[in-house]
Amino acid sequence: MFSKYDVIVVGAGHAGCEAAAAAANMGSKVLLITMNMQTIAQMSCNPAMGGVAKGQIVREIDALGGQSGIVSDRTMIQFRMLNRSKGPAMWSPRCQSDRQMFATEWRNILEHTPNVDFWQDTVKEIIVTDGCVVGVKTNLGINIASETVVLTNGTFLNGLIHIGEKNFGGGRTGENNSKGITEQLIEMGFEAGRMKTGTPPRVDGRSLDYSKMEEQPGDENPSKFSYKNTPRLTKQRSCWITYTNEAVHEVLRTGFDKSPMFSGRIKGLGPRYCPSVEDKINRFADKDHHQIFVEPEGWETVEVYVNGFSTSLPEDIQFEAMRKIPGFENARMFRPGYAIEYDYFPPTQLKLTLETKLVENLFFAGQINGTTGYEEAACQGLMAGINAHQNAHQKNAFVLKRSEAYIGVLIDDLVNKGTDEPYRMFTSRAEYRTLLRQDNADIRLTEKGHQIGLADDERLEAVRLKIENTKELIGKLQSIKVTPEEINDYLTEIGTATIREKQTLHHLLKRPDINVAQLQQLKTEAAELLENYNEDVIEQAIITVKYESYIEKEKLMADKMTKLEDLAIIPEFNYDKIKALSFEGRDKLKKMRPQTIGQASRISGVSPADISVLMIYMGR
């Protein structure tokens with residue numbers, strides 16, 4: 001019935017979809033196995049993509065040739081660039097999505113991707129021969145052969161849903177969980193753990209009083225995620241902001257004795273940076289209110305997502321407390337919030353390619369690795385799909401460094417440091433965030449994506465043109481000068497120091513209080529110059545000019561670290577013979593088996609002194 005595949009992807013969430021699309025677009029024959037064909041690419045939690053650091057990841061996925069940015073652009077209902085008041089390293093694109101359109105668009109892309117086959121079934125076992133995965137076995141008793149397998153099981157591995165004192169098996173509300181894989185992997189020697197996440201109630205938008213809330217519209221000139229020619233929004237839907245209060249908190253407290261989190265029925269750790277509302281009022285007892293974001297689920301639906309009100313309290317407590325929120329006095333609930341516990345596998349058991357160390361050609365991606373968030377899952381799926389393809393065709397591994405991408409930071413953190421709570425990406429996790437901006441993801445990554453056969457020729461040509469035009473514009477900014485007579489009145493008007501002699505536009509732009517919009521208002525050659533370039537080129541040029549010294553400093557730091565990354569450690573290296581290593585350092589190095597000195601330096605428990613000893617021993 002089934003011929004042998006190059007790549008089998010288990011699970012069709014954000015990680016699974018990116019893995020299947022990447023491997024297939026690179027030329028592999030792919031089978032995507034999902035428990036339900038109707039729930040491909042479901043947005044199980046909030047209907048949004050991007051955000052702080054997450055938006056950078058979506059742009060990186062797109063720059064490499066992935067699909068999440070394209071899907072987001074085609075299905076968004078609002079766009080905002082977050083942190084515009086801060087430096088460009090912090091600018092983060094985010095969109096509200098139409099939940100149903102998002103899933104439909106992803107399925108449509110996959111169905112129109114040559115080399116992707118589908119099978120609706122549950123995988124209960126992976127088939128391993130001589131330490132190498134050779135296929136999977138399904139609930140229907142079908143053995144399907146494959147060169148590689150990518151597990152992207154999300155919250156389905158022994159998933160357990162909690163609402164108050166009730167709990168029942170499930171991977172999502174209304175869907176069964178998956179059993180068998182965890183038990184098999186543990187028997188093979190893998191270490192497993194439990195994590196927890198949650199979701200808020202969904203309500204009927206027709207029952208809300210928006211006059212009591214603060215409107216949060218999208219950007220006046222909305223941007224997008226993809227570097228391809230995807231559509232831009234011409235109309236948008238607003239979100240709304242309201243707040244909890246002491247009355248809300250008092251009602252929630254009455255349910256604490258029935259809370260699965262406080263009673264100990266939930267064993268897994270939840271996300272630190274996205275706690276449930278009961279956790280917030282318990283941990284931050286001094287706060288008399290918490291922010292609630294009221295987010296529409298799509299263009300046509302009346303369903304609303306109550307962001308900030310994630311809870312696993314009994315449904316009657318949820319309902320009563322929610323009605324104390326301003327604007328929610330007459331709210332009608334579509335379904336209650338719930339918590340879900342699921343199995344994960346500490347990612348220190350993986351290589352930087354996301355291939356497992358114990359079983360050859362077996363890859364993990366997404367929440368199975370202890371992450372939280374669509375974006376974190378999608379980028380792991382992309383990288384696992386790429387490397388599964390590379391393995392299946394005996395090609396070199398594809399790994400991104402910390403200085404090259406947020407994706408590189410995320411995977412390096414997971415593999416070298418591990419995580420015992422759901423991992424979420426932040427800009428603060430990246431030591432080179434001035435280099436890893438959302439505006440230059442194409443410049444950083446598109447050529448790499450093209451070299452492995454994922455990013456197409458059109459993408460490569462577009463980024464080359466952008467680089468050429470940016471250099472050209474910077475050259476002109478360095479050559480065009482303005483006189484005091486031309487500009488001083490305007491400089492006085494905007495409250496910045498005047499000039500006494502001619503200055504280049506390049507020099508003026510280094511001032512923090514001079515921006516592009518102001519240059520474009522000048523009745524000089526500057527305004528005419530900028531009209532000849534598109535906004536992406538102008539943004540790239542201005543950021544390069546303004547932050548030139550910071551960018552150069554980070555490049556020097558990154559180059560120093562790259563030298564350590566290039567110092568390879570042989571897999572069979574005998575750490576026991578180096579007596580000067582600390583006991584903890586030796587144990588961690590033996591367990592983790594780092595591939596380079598740079599990777600070794602980031603392992604928790606390996607000290608700088610250990611690294612110095614290693615480098616001396618290696619003749620460095």
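On a predicted model such as this, the values are computed, not experimentally measured, just so you know. Each residue takes its place number in the sequence, starting with 1.
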Using only atom types and a distance under 3.5 Å, with no angle test, would you say the side chain of N440 pairs donor to acceptor with the backbone of R437? yes

What's the spacing between N153 CG and I368 CD1 if we round to 0.5 Å? 4.5 Å

Do the numbers put R459 on top of the ring of Y227, so that NZ or CZ is under 6.0 Å from the six-membered ring centre and no more than 45° off the axis? no

So, K579 side chain and D576 main chain: donor-acceptor pair closer than 3.5 Å or not? yes

Criterion salt bridge (Lys or Arg N to Asp or Glu O under 4.0 Å) on K54 and E376, from CA distance to verdict: CA-CA 7 Å; K54 293 167 174 278; E376 289 88 344; 2.9 Å; yes

Does atom NZ of K448 have more than 12 heavy-atom neighbours from other groups under 6.0 Å away? no

Evaluate the side-chain contact (heavy atoms from CB on, under 4.5 Å) criterion for residues V136 and I33: first the C-alpha distance (whole Å), next the side-chain angles of each, then the deciding distance (0.1 Å), finally the verdict. CA-CA 10 Å; V136 300; I33 303 178; 3.9 Å; yes

Do the side chain of S92 and the main chain of M90 share a donor and acceptor less than 3.5 angstrom apart? yes

For T470 and Q540, what are the C-alpha separation, side-chain angles and deciding distance, and is it a side chain to side chain donor-acceptor pair (under 3.5 Å)? CA-CA 7 Å; T470 300; Q540 192 67 214; 5.9 Å; no

Evaluate the criterion salt bridge (Lys or Arg N to Asp or Glu O under 4.0 Å) for residue pair E572 and K590; output intermediate values, then yes/no. CA-CA 10 Å; E572 63 274 14; K590 285 163 65 177; over 6 Å; no

Between the main-chain N or O of G408 and the side-chain N or O of R402, is there a donor-acceptor pair closer than 3.5 Å? no

Any side-chain heavy atom of P93 sitting closer than 4.5 Å to one from R59? yes

Within the supplied structure, the quantity of interest is the number of heavy atoms (other residues, nucleotides, ligands) at a distance under 6.0 Å from K179 NZ; does it exceed 12? no

Can you tell me how far the CE atom of M425 sits from the SG atom of C379, to the nearest 0.5 Å? 7.5 Å

In terms of side-chain geometry, is the basic nitrogen of R444 or E60 positioned less than 4.0 Å from the acidic oxygen of its partner? yes

Straight-line distance of L64 CG to H450 NE2, nearest 0.5 Å: 13.0 Å

Check side-chain hydrogen bond (donor to acceptor under 3.5 Å, both in side chains) between T34 and all other residues, then give those that pass, not counting sequence neighbours. none

Please determine, by modelled atom types, if S607 and E584 share a side-chain donor-acceptor pair under 3.5 angstrom. no

Below 4.5 Å, heavy atoms only, C-beta onward: do N369 and I411 meet side chain to side chain? no

side-chain contact (heavy atoms from CB on, under 4.5 Å) for L414 and T371? Distances and angles first, verdict last. CA-CA 9 Å; L414 292 175; T371 59; 3.6 Å; yes

Does the Q56 side chain pair with the main chain of Q438, one donor and one acceptor, at a distance under 3.5 Å? no

Greater than 12 external heavy atoms within 6.0 Å of D130's CG: no

Just by distance, do the side chain of S582 and the backbone of G585 share a donor-acceptor pair under 3.5 Å? yes

Donor-acceptor check, side chain of D413 to backbone of L410, threshold 3.5 angstrom: yes or no? no

Using ring pair (Phe, Tyr, Trp, His ring centres under 6.0 Å), reason through F345 and F364 one step at a time and then give a plain yes or no. CA-CA 9 Å; F345 292 83; F364 292 172; 5.6 Å; yes

I597 and I611: CA distance, side-chain angles, deciding distance, side-chain contact (heavy atoms from CB on, under 4.5 Å) verdict: CA-CA 7 Å; I597 290 287; I611 296 300; 4.0 Å; yes

Given the ring of Y338, does R172 sit roughly above its face, with NZ or CZ under 6.0 Å from the centre of the six-membered ring and within 45° of the axis? no

Derivation of the side chain to side chain donor-acceptor pair (under 3.5 Å) call for E355 and N387: CA-CA 8 Å; E355 182 184 15; N387 281 305; over 6 Å; no

Given side chains that start at C-beta, do those of Y550 and E548 come closer than 4.5 Å, heavy atoms only? no

Ignoring hydrogens and angles, state whether a donor on the side chain of E341 or N158 is under 3.5 Å from an acceptor on the partner side chain. no

As an exercise, state the distance from CE of M383 to CD of E18, rounded to the nearest 0.5 Å. 12.0 Å

N391 and T148 side chains, donor-acceptor separation under 3.5 Å: no

Donor-acceptor pair, side chain of T113 and main chain of V116, under 3.5 angstrom: no

Assess the side chains of T356 and Q349: does a donor N or O sit below 3.5 Å from an acceptor N or O? no

Within 45° of the ring axis of Y5 and under 6.0 Å from its six-membered ring centre, is that where the NZ or CZ of K29 lies? yes

Would you name the heavy atoms of F156 and G171 that are closest together and state the gap between them? CD2-CA, 3.4 Å

Student check: side-chain heavy atoms of D62 and I70 closer than 4.5 Å: yes

Taking atom CG as the centre, does D559 end up with more than 12 heavy-atom neighbours from other residues, nucleotides or ligands that are less than 6.0 angstrom away? yes

For A24, is there any backbone N or O sitting under 3.5 Å from a side-chain donor or acceptor partner on S28? no

Do Y344 and Y342 have ring centres separated by under 6.0 Å? no

Could you go through the side chain to side chain donor-acceptor pair (under 3.5 Å) check for Q367 and T155 one step at a time? CA-CA 7 Å; Q367 284 174 290; T155 59; 5.0 Å; no

With side chains defined as the heavy atoms from C-beta onward, is the minimum distance between Q595 and L352 less than 4.5 Å? yes

Could you tell me which non-hydrogen atom of A600 sits nearest to which non-hydrogen atom of L589, and how far apart they are? CB-CD2, 3.8 Å

Take M26 and I452 through the side-chain contact (heavy atoms from CB on, under 4.5 Å) test and state the conclusion after the steps. CA-CA 8 Å; M26 292 172 75; I452 59 172; 4.0 Å; yes

Assess the pair F102 and H14: is the distance between their ring centroids shorter than 6.0 Å? yes

Report yes if the side chains of L151 and L185 come closer than 4.5 Å at any heavy-atom pair, otherwise no. yes

Under the salt bridge (Lys or Arg N to Asp or Glu O under 4.0 Å) criterion, do E125 and K137 qualify, and how do the steps go? CA-CA 5 Å; E125 184 182 323; K137 185 173 186 175; 5.0 Å; no

Does W91 reach the side chain of I543, with side-chain heavy atoms less than 4.5 Å apart? yes

Side-chain contact test, heavy atoms from C-beta onward, threshold under 4.5 Å: evaluate it for V134 versus V128 and give yes or no. no

Measuring from E360:CD to L362:CG, what's the distance to the nearest 0.5 Å? 11.0 Å

Value for CZ (R94) from OG (S72), rounded to nearest 0.5 Å, stands at 11.5 Å

Ignoring hydrogens and angles, tell me if any N or O in the side chain of N25 forms a donor-acceptor pair with the backbone of A21 under 3.5 Å. yes

